[in-house]
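Computed from heavy atoms alone, side chains included, the values below leave out hydrogens, waters and symmetry copies.
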Amino acid sequence: MVATRTVTPSAAFMWSPEQIAALPPDQQAAVIGSLPKSQQAAAQAAVAQAQQQMIVRQNRTFMRKALERVAAAPLASGAGFSANYAVGQTLIFNFPVVGSAYAKGLIVTYNLTVTPATGTGATYAANAGAPWNIFSELDVNYNGAQIKTHPIVLKYLDMLKGFGKGQMNSIIAGNKVTSIDSQIVGTTPLTVGSGNTWQGKMYVPLNALGEDTVPGLLPMMGVGNQAQIKLTCPSNFMGLDPLLFPVANTGGTGNAVTATGTVNIDVVYLDGSNMDSNVGLTLSLENEPTLQWFWDTPLSPLSQNLLQRQHISTLLEHWYVISIVIDGNQSSKFAAVTNLAQFELSPDSVGQNKFMSFNVANNVSVYDYYDRFRRMTGQDLDEGVIVWVAAPTRGVIDPDNRAGMQVLNMRDGGFPATTHGYFVNSVSSANFTPRVETFLLSMNYEGLKV
């Protein structure tokens with residue numbers, strides 16, 4: 001085998017960088033040290049590149065061939081695997097401990113009983129963010145925050161998978177079995193004076209750039225840091241803010257909503273088990289970037305009849321940028337498309353240049369934006385939602401060809417002053433703050449700090 005080959009100075013010129021990279025460190029040093037000094041630096045660089053290519057190939061094989069497994073996440077309190085849902089509470093789960101395993105996704109299963117009070121002629125309606133806003137925040141921590149977002153982002157990641165894909169893995173084209181669909185895809189019935197069942201599954205793809213990609217995977221070995229999941233329940237189940245509260249009161253008096261039930265989390269992971277061999281595959285996070293999710297600085301308050309711009313404050317390489325315009329006029333939608341008169345994404349603070357622009361000094365209809373999205377995915381975004389960047393949807397076949405994606409680069413040498421701008425015809429601050437919330441999925445090339 002190559003690794004046991006005897007190293008002699010005369011043989012140094014016979015080795016390729018790949019062969020040297022396969023040697024133990026002491027033998028690598030011996031081979032490179034036997035070269036003329038003028039060639040050693042170049043040889044060392046070539047060997048380092050060969051080692052990285054070996055890791056990339058090894059990781060790709062791991063991602064494609066390792067079998068998916070699922071394990072239940074225990075409560076951080078140690079009291080089993082099921083958390084009781086309660087407004088104002090934060091539900092905390094630990095990752096299960098599995099040797100030599102890496103988490104690639106989280107399945108959040110909720111089963112709630114939602115009871116609107118009868119009151120006197122009380123009426124209710126589900127808000128625009130329901131049922132995703134049964135949690136007002138989703139966090140995953142591993143040696144710091146890896147994910148800090150609102151669960152509504154998961155809805156749009158589902159939709160961005162393309163034709164036939166709806167939220168919560170619903171099927172909008174093709175064969176659908178009702179008894180299966182009812183257990184997976186959440187609905188929001190609101191029969192007054194009755195306990196309504198809200199149940200469904202939210203999938204959090206840790207490696208959201210693609211099934212075969214490594215960035216975003218988290219270790220599950222339980223050595224040192226242990227990953228933790230936090231789901232924040234809203235301060236009240238009833239309220240008019242369409243992003244933060246699930247249900248709005250729409251009439252009558254004595255309105256109130258109670259919600260009880262349970263929440264469980266399963267972790268989807270890979271441990272190298274495969275059908276090719278009884279020898280497990282291996283993965284290395286060394287020199288791999290990681291994917292992080294951010295809730296960026298909001299544009300708040302949003303004013304009417306004024307083009308307002310907001311900087312993207314997270315200076316990384318962004319693979320998804322999703323903004324939600326909330327005009328305050330209603331809870332049943334974030335902002336009516338008819339009210340969203342103009343919007344733009346610019347690589348500067350003043351909009352002198354523009355990455356994209358709809359009806360900002362160019363008479364290009366905002367409906368052209370939604371037309372392009374419909375042609376890309378076969379469905380419509382919610383009103384008021386703008387996906388500025390969705391790099392993985394460009395369909396580069398090789399998932400490791402990261403240079404092939406249309407990312408927004410705000411790192412050094414990129415566009416650190418990027419702004420997004422909006423003009424709405426009307427806003428209302430009577431019941432909650434009109435604003436724009438922006439969510440990012442970004443590549444951090446410093447990698448995961450294990």
Side-chain angles (χ1 to χ4, degrees), residues 63 66-76 79-85 90-98 101-112 129-142 146-161 165-171 176-177 179-188 197-220 222 226-233 246 261-271 273 291 293 320 439 441:
M63 296 303 299
L67 297 173
E68 276 194 5
R69 298 179 181 273
V70 179
L75 291 171
F81 297 89
S82 184
N84 292 322
Y85 184 90
T90 299
L91 313 181
I92 305 176
F93 296 79
N94 289 331
F95 273 36
V97 176
V98 182
Y102 298 86
K104 64 174 293 188
L106 310 173
I107 304 171
V108 179
T109 301
Y110 62 92
N111 192 327
L112 307 183
W132 303 92
N133 53 8
I134 62 171
F135 306 112
S136 55
E137 185 170 322
L138 163 65
D139 301 295
V140 176
N141 297 323
Y142 180 88
Q146 301 302 321
I147 294 178
K148 180 182 176 64
T149 193
H150 190 288
I152 193 72
V153 174
L154 304 175
K155 175 180 181 178
Y156 304 119
L157 292 181
D158 282 348
M159 294 172 66
L160 285 163
K161 292 176 183 175
K165 297 292 186 181
Q167 60 170 327
M168 292 190 185
N169 205 26
S170 63
I171 297 172
K176 179 167 65 176
V177 178
S179 61
I180 295 174
D181 192 68
S182 63
Q183 297 295 313
I184 296 173
V185 182
T187 57
T188 56
T197 299
W198 288 25
Q199 65 180 28
K201 294 180 183 293
M202 303 177 184
Y203 183 68
V204 185
L206 300 178
N207 62 333
L209 305 187
E211 285 294 309
D212 292 348
T213 58
V214 175
L217 264 62
L218 294 176
M220 296 174 62
Q226 185 175 16
Q228 198 168 70
I229 311 149
K230 295 184 178 182
L231 295 170
T232 303
C233 302
T262 57
V263 177
N264 303 83
I265 297 179
D266 294 324
V267 178
V268 181
Y269 69 92
L270 307 174
D271 63 0
S273 300
L291 184 73
W293 306 38
Y320 286 101
F439 303 94
L441 275 73

Rounded at 0.5 Å granularity, tell me how far [atom1] in [X] sits from [atom2] in [Y].
X: Tyr203; Y: Leu106; atom1: OH; atom2: CG; value: 7.5 Å
X: Glu68; Y: Leu270; atom1: CD; atom2: CG; value: 6.0 Å
X: Lys201; Y: Ile107; atom1: NZ; atom2: CD1; value: 6.5 Å
X: Thr149; Y: Tyr320; atom1: OG1; atom2: OH; value: 13.0 Å
X: Thr262; Y: Leu112; atom1: OG1; atom2: CG; value: 7.5 Å
X: Phe439; Y: Lys148; atom1: CZ; atom2: NZ; value: 10.5 Å

Residue pair [X] / [Y]: nearest heavy atoms and the distance that separates them:
X: Lys230; Y: Ile92; answer: CG-CG1, 4.0 Å
X: Ala103; Y: Val267; answer: CB-CG1, 3.6 Å
X: Tyr102; Y: Pro219; answer: CD2-CA, 3.9 Å
X: Trp293; Y: Ile147; answer: CD1-CG1, 3.4 Å
X: Ala73; Y: Pro96; answer: CA-CD, 4.0 Å
X: Ser136; Y: Pro151; answer: C-CD, 4.5 Å

Is any side-chain heavy atom of [X] less than 4.5 Å from a side-chain heavy atom of [Y]?
X: Leu138; Y: Val153; answer: no
X: Met63; Y: Thr213; answer: no
X: Asp139; Y: Thr90; answer: no
X: Leu154; Y: Val108; answer: no
X: Ile134; Y: Trp198; answer: yes
X: Asn264; Y: Asn111; answer: no
X: Leu91; Y: Phe135; answer: yes

Checklist entry - For Lys176, what residues pass the salt bridge (charged side-chain N to carboxylate O under 4.0 Å, His left out) criterion, not counting sequence neighbours? => result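 In terms of salt bridge (charged side-chain N to carboxylate O under 4.0 Å, His left out), with neighbours along the sequence ignored, Lys176 is linked to no residue.
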Checklist entry - Can you list the residues that meet the salt bridge (charged side-chain N to carboxylate O under 4.0 Å, His left out) rule with Asp266, with sequence neighbours excluded? => result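 So Asp266 forms no salt bridge (charged side-chain N to carboxylate O under 4.0 Å, His left out) with any residue.
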Checklist entry - With Tyr156, which residues qualify under ring-ring contact (aromatic ring centres under 6.0 Å, His included), at least two apart? => result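 Not a single residue meets the ring-ring contact (aromatic ring centres under 6.0 Å, His included) criterion with Tyr156.
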Look only at the side chain of [X] and the backbone of [Y], and say whether a donor-acceptor pair between them is shorter than 3.5 Å.
X: Tyr110; Y: Tyr85; result: no
X: Asp158; Y: Lys165; result: no
X: Asn207; Y: Gly210; result: yes

Report all side-chain donor-acceptor pairs from residues 180-188 shorter than 3.5 Å, counting only partners two or more places apart or in another chain.
{"from": "Ser182", "atom 1": "OG", "to": "Thr178", "atom 2": "O", "distance (Å)": "3.2"}
{"from": "Ser182", "atom 1": "OG", "to": "Ser179", "atom 2": "O", "distance (Å)": "3.3"}
{"from": "Gln183", "atom 1": "OE1", "to": "Gln199", "atom 2": "NE2", "distance (Å)": "3.2"}

Item to check | side chain to side chain contact (heavy atoms under 4.5 Å, CB included) between Met168 and Met202, worked out | outcome: CA-CA 6 Å; Met168 292 190 185; Met202 303 177 184; 4.1 Å; yes
Item to check | Partners passing side chain to side chain contact (heavy atoms under 4.5 Å, CB included) against Lys155 (at least two apart in sequence or in another chain) | outcome: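 Result, side chain to side chain contact (heavy atoms under 4.5 Å, CB included) vs Lys155: Trp132, Ile152, Met159, Gln167, Asp382.
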Next on the checklist: Among residues at least two apart in sequence or on other chains, which ones pass side chain to side chain contact (heavy atoms under 4.5 Å, CB included) with Ala101?
Outcome noted: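 Ala101 satisfies side chain to side chain contact (heavy atoms under 4.5 Å, CB included) with Val98, Met220, Tyr269, Asp271 once adjacent residues are dropped.
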Next on the checklist: So that I can tick it off, tell me whether Glu211 and Lys104 are bridged by a salt bridge, with the cut-off set at under 4.0 angstrom between side-chain N and carboxylate O.
Outcome noted: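 Salt bridge between Lys104 and Glu211, a charged N being under 4.0 Å from a carboxylate O: yes.
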